[in-house]
Amino acid sequence: QVTSWLKKLYGDVPIPQYEVNERTVDILHEIMECNEERDKDVMLLIEDMKDRTSKCEAEAEYWQDILGESLGFLEGSMSKEANDDLADLVQSAIELDVEDTSLTSFYSAINDMTLEMYKTKSKNEEMEQKLRTLRKKLTSALMVEKQLEKDIEKLKKSQEAQQAKAETRSKNMKFLGDKSKDLKIRICDAEAQLVARGLDQSLIHEALVKSSEELAALHEEIEPLKTELASFLDLPPVTIYSTVML
């Protein structure tokens, strides 16, 4: 069966060489069955198309007879303008997808198309409005983004300047701290040298600071006494005497 089918398939052309075994024969047999089923379907389709063509031709002859005998329209008897109008009418009926060529069908179809057109127009306007709104939002977002980029750039520059100032301040503080430590060391060395040379220790820096603190404390103690003395000096002598006696 497979060999006969291949000969029928290739005709006068030699059959290509292939390895003959159980597997290849089974595959070719399956392909042969599918091909035969497809050929049957194609033949049925051709027969159906022929049948439909015959019916259409018969219907065309029927309507031609009606137009020719009942209405008096004979093929080739109409003018070119009438043929063109009739062709336009047929084309309009096809495009409007009407059941017949009556005015009612045409008006109904035109109304439906007009309504659909208005719906489409309304939808397009709505989409355009949404598009305009989106464009405005996008423009606003882009402007905000640009402003944010500018603000971020300014903030970066400000932070860089502040960081530079902080680094400079830190360096200055470190320099002053180092300088203070160096001065303290020099003062201690100088005091040690002065003490070694016989300087009274009460004159060294620490002693002077302590004396200054003690002097400030004495001044704080004396201030109330000065105030009280001033109040006594403002009194008459007799009053002062009486107060002292008391």
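Here CG of Leu44 is found 12.0 Å from CG of Asp51. Values are rounded to the nearest 0.5 Å. Between Glu125 atom CD and Arg132 atom CZ the span is 8.5 Å, to the nearest 0.5 Å. Rounded to the nearest 0.5 angstrom, Lys50 NZ and Asp48 CG are separated by 12.0 Å. Separating the CD1 atom in Ile27 from the CE atom in Met32 is a distance of 14.0 Å, to the nearest 0.5 Å. To the nearest 0.5 Å, the span separating OG1 on Thr24 from CG on Asn21 amounts to 3.5 Å. In this structure, the separation between CG on Leu138 and OG1 on Thr133 is 12.5 Å, given to the nearest 0.5 Å.
A side-chain hydrogen bond (donor to acceptor under 3.5 Å, both in side chains) with Asp182 is found for one member of Arg186, Lys179, Lys184 and no other, namely Arg186.
Arg135 has its side chain within reach of Leu131: a pair of non-hydrogen atoms, C-beta onward, lies under 4.5 Å apart.
Here the side chain of Thr120 pairs a donor or acceptor atom with the backbone of Glu116 at under 3.5 angstrom. In terms of modelled atom types and a separation under 3.5 Å, the side chain of Ser180 and the main chain of Leu176 share no donor-acceptor contact. Under the 3.5 Å distance criterion, the side-chain polar atoms of Ser108 are left unmatched by any main-chain donor or acceptor of Thr104. Thr168 contributes a side-chain N or O that, together with a main-chain N or O of Ala164, makes up a donor-acceptor pair within less than 3.5 Å.
By the 6.0 Å contact criterion, CD on Glu22 is open, its count of non-hydrogen atoms from other residues, nucleotides or ligands being 12 or less. Other residues, nucleotides and ligands contribute more than 12 heavy atoms inside 6.0 Å of the CE atom of Met117.
We find that Lys130 and Glu126 are joined by a salt bridge, their nearest charged nitrogen and carboxylate oxygen being less than 4.0 Å apart.
Not counting sequence neighbours, Asp41 has no partner by the side chain to side chain donor-acceptor pair (under 3.5 Å) test.
A donor atom on one side chain and an acceptor atom on the other are not found under 3.5 Å apart for Glu128 and Asn124. A donor-acceptor contact closer than 3.5 angstrom is absent between the side chains of Arg169 and Asn172.
Of all non-hydrogen atoms in Trp5 and Ile31, the two that sit nearest each other are CH2-CG2, 3.8 Å. When all heavy atoms of His29 and Gln1 are compared, the pair lying nearest together is NE2-OE1, 3.3 Å. Nearest heavy-atom pair, Leu6 versus Leu28, reported as atom, atom and distance to 0.1 Å: CD1-CD1, 4.3 Å.
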